[in-house]
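These notes concern the structure reproduced below.
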Amino acid sequence: MFLSVFDVFKIGIGPSSSHTMGPMSAANRFLDLILSADWPRPSGAQVTAIRMSLHGSLAYTGVGHGSDRAVILGLMGERPDSVDPDRMDAIVAEVERAGRITPPGHPGYAFRPKDDLIFDKKNPLPGHANGMTFSAYDRDDRLLLKRIYYSVGGGFVVTDTELEQMRASKARSSDKKVPFPFASARQMLEMAERSGMTIAQMKRANEEATMSREELDAGLDRIWGAMKSCIDRGLKNEGIMPGGLKVRRRARSIHDKLQEEWRSNKANPLLANDWLSVYAMAVNEENAAGGRVVTSPTNGAAGVVPATIRYYLHFHEDADQDGIRDYLLTAAAVGGIIKHNASISGAEVGCQGEVGSASAMAAAGLAAVMGGTPEQVENAAEIALEHHLGMTCDPIAGLVQVPCIERNALGAVKAVTAASLALKGDGVHFVPLDACIETMRQTGVDMNEKYKETSTGGLAVNVVEC
């Protein structure tokens, strides 16, 4: 099994990888399909109009997550990793005014968001909770082309056919030939023992089977650069976050107080936790505002990994760029195993699959750069994930704000605690990471749908919106 580090960490816009980046990418794919020869186009037929519908979790919480906005941007040819956040509102407003999309390379198509973008809460699609249907019509309103896409977490988008193939492929090895094709934590540890290599070294060898070392390092540095920029923006910005809950940004004020304490050398027994928390909150406040973030492994959990890396740089005197690269490679190895064997989608398994997975990845990465053995790294990931099992995804008003922002802060704290506990031991522990991942999958299957990103249960219905 091979999942690239650049599949785990993807640069895009907030507030949700499943609800924002996924729908935008699906719209991109549908546009590309229209221009391709991969569908039976009737002789002389021309696409003149596009319509689409959101289903399942996308229908229930898509407004709060900005899914409609993401679809419009995607249909205008904007892509998650390159769209200018400062232009997004103007692009959407123009489409709403004109009732037309004009993506580059296309003739332009009729698309009136109020009529042609439907939140269909009554008809979920069978493949996944995050389903979308895109349809293209000619001037006589004849259906020419229809495709179903699923946003399966972390910004990944697949068709219904690809989803079936993806699920079937879990039972067999990846087609990509890599030197260390581990599909489970057990295989990862066995390969590490036989090779004498660290998890980061094995992951690097896998990546370098498809790219040069220079390309890999440049990509890893770009990921950390985007994460760092997101933290910095979040520590500078103030005000009320969009969406109607009137939740105020807190990261800047907390950061100012921490800097004051730091300069005064005032004793603070909570210092490490405070810095972790403010870094994580800075990222997720940016995410909630629709800013640029990195899926880690999702947007809703985007603060945990950057916060622990920044913590590592802040408090570890030997921290350097090579350490950050090893951290990201190790975290991606664990994230890939979780995605392959369970899920990172809140709509599929609840927040245990988002913040729980992020905390496991962060714990593994931190344990690795702190000198942990592969067994200690695996133990750190297991501890962090185990103590997120059963966590529901219940965003109030469908916004990635409450409880999501603080939940990332606590996920980072748990990650550091898990790494510390693992490093104090010898790697031998009672619950294997694979068993914990399987437990998460089973728990997600058993979890009531109202606790899986629909905003129909939990805090979403027990807290009165003000």
Side-chain angles (χ1 to χ4, degrees), residues 12-13 15-36 38-39 41 45-80 83 88 91-152 155-163 347 398 453-454:
I13 61 167
S16 168
S17 48
S18 292
H19 289 66
T20 308
M21 291 173 61
M24 186 183 294
S25 296
N28 294 157
R29 288 194 61 176
F30 191 67
L31 288 177
D32 292 342
L33 179 62
I34 289 175
L35 294 183
S36 77
D38 296 336
W39 58 285
R41 186 192 302 266
Q46 297 293 325
V47 173
T48 62
I50 291 177
R51 298 170 194 159
M52 73 86 56
S53 55
L54 299 163
H55 301 261
S57 177
L58 293 178
Y60 279 106
T61 63
V63 172
H65 284 87
S67 299
D68 48 349
R69 184 167 172 258
V71 167
I72 294 170
L73 290 168
L75 288 175
M76 283 292 283
E78 300 290 345
R79 302 200 176 254
V83 62
M88 292 191 296
I91 294 171
V92 172
E94 176 57 25
V95 172
E96 291 174 339
R97 184 197 66 78
R100 189 170 181 80
I101 52 173
T102 54
H106 292 254
Y109 311 108
F111 184 79
R112 300 172 300 278
K114 289 185 178 180
D115 300 321
D116 298 331
L117 198 164
I118 306 299
F119 290 87
D120 187 349
K121 299 179 181 179
K122 295 182 179 180
N123 301 294
L125 297 177
H128 190 278
N130 293 326
M132 297 162 276
T133 300
F134 286 81
S135 303
Y137 297 83
D138 65 9
R139 66 178 67 257
D140 297 321
D141 205 33
R142 179 176 53 168
L143 178 64
L144 299 178
L145 175 65
K146 180 178 179 180
R147 282 293 184 275
I148 292 174
Y149 297 97
Y150 294 107
S151 181
V152 296
F156 285 89
V157 171
V158 294
T159 64
D160 46 0
T161 302
E162 289 167 348
L163 182 63
E453 211 170 13
T454 60

Can you name the closest pair of heavy atoms from [X] and [Y] and give their distance?
X	Y	result
F111	I50	CD1-O, 3.0 Å
L58	S67	CD2-OG, 4.1 Å
G127	Y150	N-OH, 3.0 Å
M132	L54	CG-CD2, 3.6 Å
E162	V157	OE1-O, 4.3 Å
L143	S135	CD1-CB, 3.7 Å

Check: Has R139 got more than 12 heavy atoms of other residues, nucleotides or ligands less than 6.0 Å from its CZ?
Finding: no
Check: Within a radius of less than 6.0 Å around OH of Y60, do more than 12 heavy atoms belonging to other residues, nucleotides or ligands occur?
Finding: no
Note to self: Side chains of S18 and H65: any donor to acceptor distance under 3.5 Å?
What the structure shows: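 Checked: H65/S18 side chains show no N/O donor-acceptor pair below 3.5 Å.
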Atom pair [atom1] ([X]) and [atom2] ([Y]), whose distance is rounded to the nearest 0.5 Å:
X	Y	atom1	atom2	result
I148	T133	CD1	OG1	4.5 Å
H19	T61	NE2	OG1	3.0 Å
R69	L117	CZ	CG	13.5 Å
M21	S151	CE	OG	9.0 Å
E94	I91	CD	CD1	10.0 Å
D68	I118	CG	CD1	11.5 Å

Next item on the list: Mind checking ring-ring contact (aromatic ring centres under 6.0 Å, His included) for Y109 and listing every partner two or more places apart, or none if nothing turns up?
Entry: H106
Checklist line | Derivation and outcome, side-chain contact (heavy atoms from CB on, under 4.5 Å), residues V152 and N130 | finding: CA-CA 7 Å; V152 296; N130 293 326; over 6 Å; no
Quick one: does [X]'s side chain have a donor or acceptor within less than 3.5 Å of a partner on [Y]'s backbone?
X	Y	value
D138	T48	no
R41	I34	yes
R147	F30	no
D140	R142	no
S57	E453	yes

Note to self: Before you tell me yes or no, could you show the steps for M76 and T102 under side-chain contact (heavy atoms from CB on, under 4.5 Å), namely the whole-Å CA-CA distance, both residues' side-chain angles and the distance that decides it to 0.1 Å?
What the structure shows: CA-CA 6 Å; M76 283 292 283; T102 54; 3.5 Å; yes
Item checked: Residues in salt bridge (Lys or Arg N to Asp or Glu O under 4.0 Å) contact with R79, at least two apart in sequence or another chain -> D32
Next item on the list: State, yes or no, whether a side-chain contact exists between N28 and P80 at a heavy-atom distance under 4.5 Å.
Entry: yes
Note to self: For a side-chain contact (heavy atoms from CB on, under 4.5 Å) check, start with the C-alpha distance between I13 and M24, then their side-chain angles and the critical distance, and finish with the verdict.
What the structure shows: CA-CA 10 Å; I13 61 167; M24 186 183 294; 3.4 Å; yes
